[in-house]
Amino acid sequence: MNVTAQSRQSTPEVRQELLGRIENVLNERVRPGLIEDGGEVQVVSIDEDHIVQVRLLGACQGCVSSVVTMTMFIEKAVKAEVPEVRFLEAIP
């Protein structure tokens, strides 16, 4: 099996480890800025393809800049530290 196929295999244990790493990034690099502006982010799930569903809360929920916050701030920070993540998907 090649490396690409192996890196895409996911078990509940792998996803739990990814969640821990993602939460560390969010706590250290993302949440302080969001909280300062009255917002928050919650990880809802990580699927077998390492697509992470997140929910923006507080002032971030429904904000006109939420797409920019999501892609240029949250997703960029998470993917820089946890490259196994394919992308983040905002859900209501």
Side-chain angles (χ1 to χ4, degrees):
M1 184 178 299
N2 65 35
V3 174
T4 304
Q6 283 180 334
S7 66
R8 291 193 179 174
Q9 286 185 343
S10 187
T11 63
E13 294 80 16
V14 168
R15 290 191 299 277
Q16 188 64 37
E17 189 266 337
L18 284 176
L19 175 61
R21 292 170 52 208
I22 291 166
E23 286 290 343
N24 284 339
V25 172
L26 294 176
N27 288 336
E28 293 173 12
R29 297 183 54 198
V30 174
R31 284 193 173 110
L34 294 179
I35 291 169
E36 188 174 292
D37 290 332
E40 175 63 286
V41 62
Q42 171 189 36
V43 177
V44 176
S45 68
I46 303 171
D47 73 10
E48 292 179 359
D49 293 323
H50 297 171
I51 297 169
V52 180
Q53 291 186 329
V54 298
R55 181 174 290 126
L56 295 174
L57 303 169
C60 292
Q61 191 175 29
C63 173
V64 295
S65 299
S66 64
V67 172
V68 174
T69 298
M70 182 67 180
T71 57
M72 299 304 293
F73 183 47
I74 301 171
E75 185 173 43
K76 186 176 180 179
V78 169
K79 288 177 73 174
E81 298 293 325
V82 189
E84 300 92 331
V85 170
R86 290 190 49 214
F87 63 88
L88 273 68
E89 174 182 37
I91 62 168

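All values below were derived from every heavy atom in this structure, side-chain atoms included, with hydrogens, water molecules and symmetry-related copies excluded.
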Answer yes or no: is there a side-chain heavy-atom contact under 4.5 Å between [X] and [Y]?
{"X": "Val82", "Y": "Val52", "answer": "no"}
{"X": "Met70", "Y": "Glu89", "answer": "no"}
{"X": "Ile51", "Y": "Phe87", "answer": "yes"}

For Leu56 against Val41, the heavy-atom pair lying closest together
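Shortest heavy-atom contact: CD2-CG2, 4.1 Å.
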
Considering all heavy atoms of both residues, which atom of Gly39 and which atom of Cys60 are nearest to each other, and what is their separation?
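Minimum heavy-atom contact is CA-SG, 3.7 Å.
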
How would you list all residue pairs meeting side chain to side chain donor-acceptor pair (under 3.5 Å) that involve residues 61-81, not counting sequence neighbours?
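For residues 61-81, and leaving out neighbouring residues, the side chain to side chain donor-acceptor pair (under 3.5 Å) pairs sorted by first residue read Arg29-Glu81.
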
Sequence neighbours excluded, every pair satisfying side chain to side chain donor-acceptor pair (under 3.5 Å) that has a member inside residues 30-47:
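The answer is Glu23-Arg31, Asn27-Arg31, Arg31-Glu40, Gln42-Arg55, Ser45-Gln53.
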
Apply side chain to side chain contact (heavy atoms under 4.5 Å, CB included) to the pair Ile74 and Leu26, showing each step before the final yes or no.
CA-CA 8 Å; Ile74 301 171; Leu26 294 176; 4.1 Å; yes

I need the Glu84 CD to Leu18 CG distance, nearest 0.5 Å.
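Separation between the atoms: 5.5 Å.
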
